[in-house]
Amino acid sequence: MKRSEPQRPGERLFALLLVVFAGYMFWESHAISGFSGLTTGGVMPMLASGVMVLTALVILTETIRKTRTAEPHPQGLISYLFPLRVVLFTVLVAVYVAAIPSVGFLPTSGGLLFVSIWALWRRGPVWSLAISLLSIGVIYLLFRVVFSVVLPTGSLWQ
């Protein structure tokens, strides 16, 4: 018999929201054509959303059966859902998206790759730079040369 894991922070709320979302999807799929026949347009969406409802209910019951951890604290939930590494990479991706129009796709992507590889792999800046340059070279060859995709150059270079 499998040992029961304790609930993670926010797991019960997430399972409940999953059931609500699946129920809403079933409601919306029923509104397409109702259940007037097996060949109507809403049958497949109703089938898919019905499976969603059933699996969400199974997940909710399994979550309720798990042993609860200590009293839930909002700070514990926030630190569990948003670890520092995730927050920093979210900010990094936001800077990347904001920089593409002015700097361009290739240099911005190279910078994102360099910082990401250096932070995650921790092999040093030389290896990170080499892999980033190799990756950008492959991306350039594949998209610009092979597929003739025009990559954004950025307003700084025009």
Side-chain angles (χ1 to χ4, degrees), residues 2-29 44-45 48-49 51-158:
K2 190 169 85 171
R3 211 170 63 174
S4 178
E5 298 176 0
Q7 282 184 10
R8 295 182 205 120
E11 187 173 6
R12 188 176 286 206
L13 175 63
F14 181 78
L16 181 64
L17 290 175
L18 202 61
V19 171
V20 170
F21 175 75
Y24 176 73
M25 289 293 105
F26 187 79
W27 177 271
E28 286 295 316
S29 62
M44 288 308 289
S49 59
V51 169
M52 286 173 57
V53 168
L54 289 176
T55 55
L57 287 170
V58 168
I59 290 170
L60 180 63
T61 56
E62 288 179 0
T63 302
I64 290 172
R65 288 182 185 158
K66 287 183 178 181
T67 57
R68 281 189 112 161
T69 54
E71 286 298 312
H73 295 288
Q75 185 178 5
L77 175 63
I78 290 170
S79 65
Y80 178 77
L81 293 177
F82 305 108
L84 182 61
R85 180 178 280 183
V86 172
V87 171
L88 291 176
F89 273 91
T90 303
V91 170
L92 182 64
V93 169
V95 169
Y96 168 73
V97 169
I100 285 178
S102 57
V103 180
F105 178 78
L106 290 174
T108 308
S109 297
L112 175 74
L113 279 172
F114 173 71
V115 171
S116 300
I117 293 169
W118 193 11
L120 294 174
W121 198 24
R122 299 176 190 245
R123 283 278 265 235
V126 175
W127 275 103
S128 301
L129 183 62
I131 291 174
S132 300
L133 290 174
L134 179 69
S135 300
I136 290 298
V138 169
I139 289 170
Y140 179 80
L141 285 174
L142 186 64
F143 287 100
R144 187 69 184 112
V145 176
V146 175
F147 295 122
S148 300
V149 175
V150 177
L151 300 171
T153 58
S155 60
L156 290 178
W157 319 117
Q158 294 177 358

Fill in: F89: which of V115, L84, L120 passes side chain to side chain contact (heavy atoms under 4.5 Å, CB included)
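Going through the options one by one, the only one that passes is L120.
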
Worksheet entry | Test applied, side chain to side chain contact (heavy atoms under 4.5 Å, CB included); reference residue, L18; option that passes from L13, I59, L60 |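 In the set L13, I59, L60, the residue that makes a side chain to side chain contact (heavy atoms under 4.5 Å, CB included) with L18 is I59.
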
Discussion item. Whether the Y24 and S49 side chains hold a donor-acceptor pair (N or O, under 3.5 Å, no angle test) is what I'd like checked.
Written reply: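 No donor-acceptor contact under 3.5 Å links the two side chains.
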
Shortest non-hydrogen contact from [X] toward [Y]:
| X | Y | value |
| --- | --- | --- |
| R122 | R85 | NH2-NH2, 3.2 Å |
| T108 | G104 | OG1-O, 2.5 Å |
| P6 | E11 | O-OE1, 4.3 Å |

Worksheet item: Is any side-chain heavy atom of I131 closer than 4.5 Å to a side-chain heavy atom of L113?
Response: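 No, side chains not in contact.
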
Fill in: Beyond-backbone contact of F82 with T90, side-chain heavy atoms, under 4.5 angstrom
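Heavy-atom side-chain distance check fails, nothing below 4.5 Å.
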
Fill in: Heavy atoms from other residues, nucleotides or ligands near CH2 of W27 exceed 12 (cutoff 6.0 Å)
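Not buried by this count: 12 neighbours or fewer within 6.0 Å.
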
Discussion item. Using 0.5 Å steps for rounding, measure from the OG atom of S116 to the CG atom of L92.
Written reply: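 S116 OG to L92 CG: 5.0 Å, rounded to 0.5 Å.
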
Worksheet item: Would you say Q7's side chain and T63's backbone share a donor-acceptor pair under 3.5 angstrom?
Response: yes

Item to complete: Only counting residues at least two apart or in another chain, list the ones meeting ring pair (Phe, Tyr, Trp, His ring centres under 6.0 Å) with F105.
Response: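 Result, ring pair (Phe, Tyr, Trp, His ring centres under 6.0 Å) vs F105: none returned.
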
Mind listing the side-chain donor-acceptor pairs of residues 137-155 below 3.5 Å, one per line with the distance, residues two or more places apart or on another chain?
from: T153; atom 1: OG1; to: Q158; atom 2: NE2; distance (Å): 3.2

